[in-house]
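Keep in mind it's a predicted model, so treat the numbers as computed, not measured. The chain is numbered in sequence order, starting from 1.
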Amino acid sequence: MAATLGPLGSWQQWRRCLSARDGSRMLLLLLLLGSGQGPQQVGAGQTFEYLKREHSLSKPYQGVGTGSSSLWNLMGNAMVMTQYIRLTPDMQSKQGALWNRVPCFLRDWELQVHFKIHGQGKKNLHGDGLAIWYTKDRMQPGPVFGNMDKFVGLGVFVDTYPNEEKQQERVFPYISAMVNNGSLSYDHERDGRPTELGGCTAIVRNLHYDTFLVIRYVKRHLTIMMDIDGKHEWRDCIEVPGVRLPRGYYFGTSSITGDLSDNHDVISLKLFELTVERTPEEEKLHRDVFLPSVDNMKLPEMTAPLPPLSGLALFLIVFFSLVFSVFAIVIGIILYNKWQEQSRKRFY
């Protein structure tokens, strides 16, 4: 189902004003409501959206590099160009990635990705595609579209080459999504089918207009939409309820080429904070989690890390440990003295 929420539509016009600091948000909100441009409705609660610049990327790509002071780090063959960031060139056996250095602690968010995939390869002679990540680990090269296997978090894949020869029901390029708690491997031979949450065909190569992808995470609900027809309209691709993603993970994007290749370019990444009303029951239901999971989808068990101890808790543990140690020593001395006294009485 199409929705007129394209990057150049009224939704985007409404959003672009929302880049101010927290102190001026209420004034902006009143101005927007007064102008008749209301926020997007999501679920049962009203949603107000604010661009998070520390997690967003756009031209002229300031703050992108390999240094520790950069907001975004490049890896592998990724290069900063004037109009885009090229993850991989149209050459064999290349891989590159772009990772945000700032962990994201938002509960509800939307990531809008402006990208372009193009090259000289014809028909099925191109590959392999790119991925967008929200994961615990960053800057870890590997075989899954240029990122590590057995990742922890969310991966969204724009796969341009079919590895599974016998499958007939899919038309590539193909978008799919996967949630992993670190226990699953991405099955390249079957194009990730055993572990995918859903997917859709997305003809995105060698187009003469802009292509966009939106990943929205609201109230444990994952929605992926695309604007790839040049109509400035979002089309549904994947919708999965019951997705549980921890906070504090990193956004990134990566790509890889093998015997076949393409240019994989990222033009912008824009993250928006979604403020959603929750009932008290929803607040209890939507507590923070420590490992990614999906309701009604069995992932192999992994041991969840214990939450870090606060300073007060650590002090109390050390204090009572010392008290217990002193108490044990005193009891030991008393028992030892009584034993010695009884031994002397027996001797006399």
Side-chain angles (χ1 to χ4, degrees), residues 21-23 52 54-55 67-71 73 75 99-109 133-142 147-155 179-185 217 219-220 242-252 271 273 275-348:
R21 299 288 182 183
D22 291 347
K52 306 302 289 184
E54 62 268 33
H55 303 295
S68 59
S69 60
S70 302
L71 285 177
N73 289 153
M75 186 176 68
W99 284 95
N100 193 202
R101 290 189 66 246
V102 184
C104 177
F105 289 95
L106 303 181
R107 295 179 69 181
D108 305 282
W109 47 265
W133 304 98
Y134 175 70
T135 55
K136 178 181 179 182
D137 302 299
R138 61 185 294 274
M139 303 290 286
Q140 300 293 324
N147 191 33
M148 64 184 292
D149 198 8
K150 294 190 175 181
F151 60 90
V152 178
L154 169 69
V179 168
N180 199 352
N181 63 1
S183 64
L184 302 176
S185 288
Y217 182 64
K219 289 186 177 182
R220 308 289 194 218
V243 176
R244 301 174 183 271
L245 297 175
R247 293 195 278 180
Y249 283 10
Y250 296 92
F251 287 106
L271 185 75
E273 179 182 6
T275 305
V276 184
E277 293 180 2
R278 283 179 167 83
T279 64
E281 291 75 17
E282 287 176 328
E283 286 290 348
K284 293 179 181 178
L285 182 64
H286 296 163
R287 291 174 179 171
D288 285 350
V289 296
F290 297 100
L291 274 179
S293 65
V294 182
D295 293 351
N296 303 319
M297 179 180 177
K298 183 66 175 177
L299 297 179
E301 293 294 333
M302 296 286 288
T303 302
L306 294 175
L309 294 174
S310 65
L312 178 60
L314 187 61
F315 169 78
L316 292 175
I317 290 174
V318 173
F319 174 77
F320 284 110
S321 297
L322 290 175
V323 170
F324 178 79
S325 299
V326 171
F327 180 76
I329 291 172
V330 171
I331 294 298
I333 292 174
I334 292 173
L335 292 176
Y336 178 75
N337 289 336
K338 286 187 176 181
W339 176 79
Q340 279 193 327
E341 184 178 346
Q342 289 177 354
S343 296
R344 284 195 295 269
K345 286 180 179 179
R346 289 196 211 99
F347 181 77
Y348 290 109

Supply the atom-to-atom distance Lys52 NZ to Trp109 CH2, rounded to the nearest 0.5 angstrom. 14.5 Å
Answer yes or no: is there a side-chain heavy-atom contact under 4.5 Å between Val152 and Pro292? yes
Are the side chain of Asp108 and the backbone of Lys219 linked by a donor-acceptor contact shorter than 3.5 Å? yes
To the nearest 0.5 Å, how far apart are CZ in Phe324 and CD1 in Ile329? 10.5 Å
Within 6.0 angstrom of Asp295 CG, more than 12 heavy atoms from elsewhere: yes
Would Val276 and His286 count as a side-chain contact (heavy atoms from CB on, under 4.5 Å) here? Give the steps. CA-CA 12 Å; Val276 184; His286 296 163; over 6 Å; no
Heavy-atom distance under 4.5 Å between the side chains of Arg138 and Asn73, does that happen here? yes
Which value, rounded to the nearest 0.5 Å, describes the distance between Ser69 atom OG and Arg101 atom CZ? 7.5 Å
Tyr217 and Tyr134: CA distance, side-chain angles, deciding distance, side-chain contact (heavy atoms from CB on, under 4.5 Å) verdict: CA-CA 11 Å; Tyr217 182 64; Tyr134 175 70; over 6 Å; no
For the side chain of Thr279 and the backbone of Glu282, is there at least one donor-acceptor N/O pair under 3.5 Å apart? yes
Would you check, one step at a time, whether the test side-chain contact (heavy atoms from CB on, under 4.5 Å) holds for Arg247 with Leu106? CA-CA 7 Å; Arg247 293 195 278 180; Leu106 303 181; 5.9 Å; no
Working to the nearest 0.5 Å, report the span between CG of Leu245 and CZ of Arg107. 13.5 Å
Check each of Phe151, Phe251, Tyr250, Tyr249 against Trp133 using the ring-ring contact (aromatic ring centres under 6.0 Å, His included) test, and report the only one that passes. Phe151
To the nearest 0.5 Å, atom CG of Leu291 lies from atom NZ of Lys136 at 7.0 Å
Could you tell me the separation between the CE atom of Met75 and the CG atom of Asn147, rounded to the nearest 0.5 Å? 6.5 Å
Ser183 and Asn180: which non-hydrogen atoms are nearest, and at how many Å? N-OD1, 3.3 Å
Are Phe105 and Asp288 close enough that some pair of their side-chain heavy atoms sits under 4.5 Å apart? no
Would you say Asn100 and Leu271 make side-chain contact, with heavy atoms under 4.5 Å? no
